[in-house]
Amino acid sequence: MSRTAGKPAGDPAGDPGGDSNGRPARGSSGAGTVAAPAAPEPVADGGARTGEAGSRTQPDPSPRPSPQPRRSAGDAAQGVADLSDSAVLELDDVGVGTRIRRFLLSPPALLTLIMSLLAVLVNRHRLGLDLAGGRLLPPESLGQTWASYLGSWHPVGGGSAAPPPAALAVLGILGLPVGSPTVALSLLLLAALPLAALSAYRATRTLSVSRRRRALIAAAYGLLPPAIAGLSQGRLDVVVPYLLLPLVLSGIVSVLRTGAVRRSGSWLSTAAATALGIAVIGAFAPLLHLLLLAVALIGFVMIPAPRVKTMRRGVGLFAVVLLPIGLLVPWPAVVVQRPEVLLHGVGAVVPEQMPSWLQLLALDPGGAGSVPWIGAVVVLAALVALVLRPSRTMLPGLGLVVLGLAAVLLLGHEPIRPLVGGSPRPGFTGSALLLVGCGLLWIVLLAGRNVPARWQWMDDLGQRWGSAWDKSWSAASWVGIAVLCAGAVALGASGPLTAGPPFDLPVLAPSLSAELARDNTSVLVVGSKGEPVRLTRSRTARFGDDDIAPLRATGARLARVADALRGGQPGETSAAIADMAATGVQFIVLPTAAQGTRALAASGGLARSAPPTTDGRPVLRVVRPVPGAELLGPALAEQARTGAAPPIEPGVSGVLAPADPPQVAIQVAPGAEGRLLVVAANDEPGWQASVDNRSVPVVRGWGHQVAVPVRGMPSEVRVERSDVARTALLLGEGALLLLVVGTALPSRRRRRG
């Protein structure tokens, strides 16, 4: 049984038919009335009470609970006889069926249901729990994902000690409840539409706008063309911000306007939760992370606040700006050193094309899943809202639009080569257009608010046109939502993201995959001209491999090897295969059958044919790969130390030594002086070597590999990399994460008895 108190006649109205959160006021059909209990007699001495002995007591500073509505001093002076109808409590008898019906027909419930149905239609061709394709390479298992993130050395590109992307940690955390990052990502992608719509609906809960209008705006956000295109193309650098962006923007506003947070102390949890959301966005889309920091800094300067809350705002700004960087360390260092990560985001390298400015103004990022001119509906609605009902509260939305367009201009200004190589290409504009879409929808949403008469001439103009807007808003909004739905359903199911093995990624035959894992050797995948070359150990490419920064010399060397293999010239091809064999490559995948035939003929006996991939690409088997290390005799050792290329003659070689870089431990038999142990890993700072527990210098073999001189007597040789610094950094990062998560959890204040 619910109780609602009547509203005084002079009470100013908020949103028509609802409260500040958009909840409609319920009537009293079938309700009875109960008179409120009589008020105590007024005391003439200003509220002080007199006891039986005539002693005066202090007034109680806290009001006591009472079913009677709070009255002013004038009402108290009139006594009980002048009580109006507002002092009558109305009782509404609500049954279970009525409550269920109201819940199912509420705007958030209908929004969830409709967006879930649209999600099924948009993903009708990729309903599965193993989604991959486009920019989404297949993730590793849960244990391997955490091992890749926690490890200080990665067997990608011949070996790299560069920090892995922080997105691997996010995938690892998401995969914990279901036991697999692949399943977690698939569920997240399939449920992206309703989750994003609910995120937008939740972010607008503090506005004095009806829930129906909030739900319509949330549905429009869930159907924005950049989000649908990012989903179809497997772009986690768009999908993850798509889910979190409304909540993060709302959190930034709440932190900067501390008065918007109702409960004392909740501003700190809001700041921590906002910082955590920004960190997750920054793990996938560094450019959008930078834009959000700009929003926070500009808002700190532009949003006014009382002086008494300046310290709180400063602490909140500190949390929002610095905590995400601390949670992502050392990934931000890679972003600063390699600006291509800032523009291209996290994900596999794919062909990119910059849309025209007319497409961008219609929120069309280009590529699969995007419908031309559909986004113009949102742009047109925002322009109409600015003309018919302008308001100063729309200025933050305009700021987001300007900031997003500036990011689009930066992405298309000059093509940049991706982190792992390939031809220069522009960045994808999806995440920047999401920010533009948020600004436009903010303008449309605020056009539905009640405009106070005390605002300036801009708002007086809005009042003049307000009635015309209210009459046309409802019908136009439904038409716009229908247009966005049609575009999403029509082309949202297209794109490279599919269930099962992606068609654009070569998959080795099962026997070759098992051989790779057993022998701990590598596979080299050569793409077409202008595409990156992927060199991975024990498996084909997985999510995060294209985001591990290789040595600059490594990228150039792999590009030369790929050109030689595609060309098929006898001398160049055999030298390229010998170089790859010394690095531990056992299989080479080429783009076309003709190129595979030419490379096999020019290999000089260093390679043989192997079963093709599932998509028909030719595969060459290297005759003698070096899985871990190779002990060279004095003659070959001299050549290796001078930087010469490995020999192309099949019979000229050293002794293979089983090892698993970066931890190598080998017992060397007695032999000639001047020998050299060459490890199948790129030489970079951080390698340490010892012979019989005595430290020895690390030299370079074959121009780029780790090598250790070996004496003629029997000895134990160890080569390793220290994990102390990485472990200490991860411990500090984990402690900071626990602190932020614990602070972000909402807490209830204890009630005073």
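The analysis underlying the following values was restricted to heavy atoms, covering all of them including side chains, and did not include hydrogens, waters or symmetry mates.
- Among all heavy-atom pairs drawn from V420 and I548, the shortest one is CG1-O, 4.3 Å.
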Trace of the side chain to side chain donor-acceptor pair (under 3.5 Å) decision for T182 with D130: CA-CA 6 Å; T182 303; D130 54 348; over 6 Å; no
Pairs under 3.5 angstrom only: tabulate donor-acceptor contacts from the side chains of residues 327-338 to other protein residues two or more places apart or in another chain.
unit_1: R338; atom_1: NE; unit_2: E340; atom_2: OE2; d: 3.2
unit_1: R338; atom_1: NH1; unit_2: P550; atom_2: O; d: 3.4

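- Salt bridge status for R235 with E352: present, with a side-chain N to carboxylate O gap under 4.0 Å.
- Ring geometry for F543 versus F284: interplanar angle of 30 to 60°, hence tilted.
- Atoms CG and CG, from L516 and L512 in turn, are 7.0 Å apart once rounded to the nearest 0.5 Å.
- One distance of note links CG of L736 with CD1 of I325; it measures 11.5 Å at 0.5 Å rounding.
- Here T743 contributes atom OG1 and L276 contributes atom CG; the two are 10.5 Å apart, rounded to the nearest 0.5 Å.
- Here the rule is side chain to side chain contact (heavy atoms under 4.5 Å, CB included) with L190, and of L131, L195, L231 only L131 fits it.
- Within 6.0 Å of CZ in R726 there are more than 12 heavy atoms belonging to other residues, nucleotides or ligands.
- Here the closest non-hydrogen pair linking G492 and I228 is CA-CG2, 3.8 Å.
- Atoms OG and NE2, from S232 and H125 in turn, are 11.0 Å apart once rounded to the nearest 0.5 Å.
- The minimum heavy-atom distance between V350 and G134, with the atom names listed, is CG1-O, 3.6 Å.
- At distances below 3.5 Å, not a single donor-acceptor pair connects side-chain atoms of D547 with backbone N or O atoms of P165.
- A donor-acceptor pair shorter than 3.5 Å can be found between the side chains of S148 and E140.
- Y221 has its ring centre less than 6.0 Å from the ring centre of Y242.
- Checked options R537, R534, R539; the residue passing with D545 is R539 (criterion: salt bridge (Lys or Arg N to Asp or Glu O under 4.0 Å)).
- G366 and Q233 make their closest contact through O-NE2, 3.2 Å (heavy atoms, listed as atom of the first residue, atom of the second, distance).
- Between atom OG of residue S186 and atom CG of residue N123 there is a gap of 10.5 Å, rounded to the nearest 0.5 Å.
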Could you go through residues 428-438 and list every donor-acceptor pair under 3.5 Å that involves a side-chain atom there, pairing it with any protein atom two or more places apart or in another chain?
none

side-chain contact (heavy atoms from CB on, under 4.5 Å) assessment of L243 paired with L188: CA-CA 9 Å; L243 299 175; L188 192 68; 3.6 Å; yes
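- Defined by atom type and a distance below 3.5 Å, a donor-acceptor pair is missing between the side-chain atoms of R126 and T498.
- Of all heavy-atom pairs between P506 and T613, the closest is CB-CG2, 4.0 Å.
- The structure places CG of L343 at 12.0 Å from CG of L419, a figure rounded to the nearest 0.5 Å.
- Remark: R202 CZ is loosely packed, at most 12 non-hydrogen atoms of other residues, nucleotides or ligands lying under 6.0 Å away.
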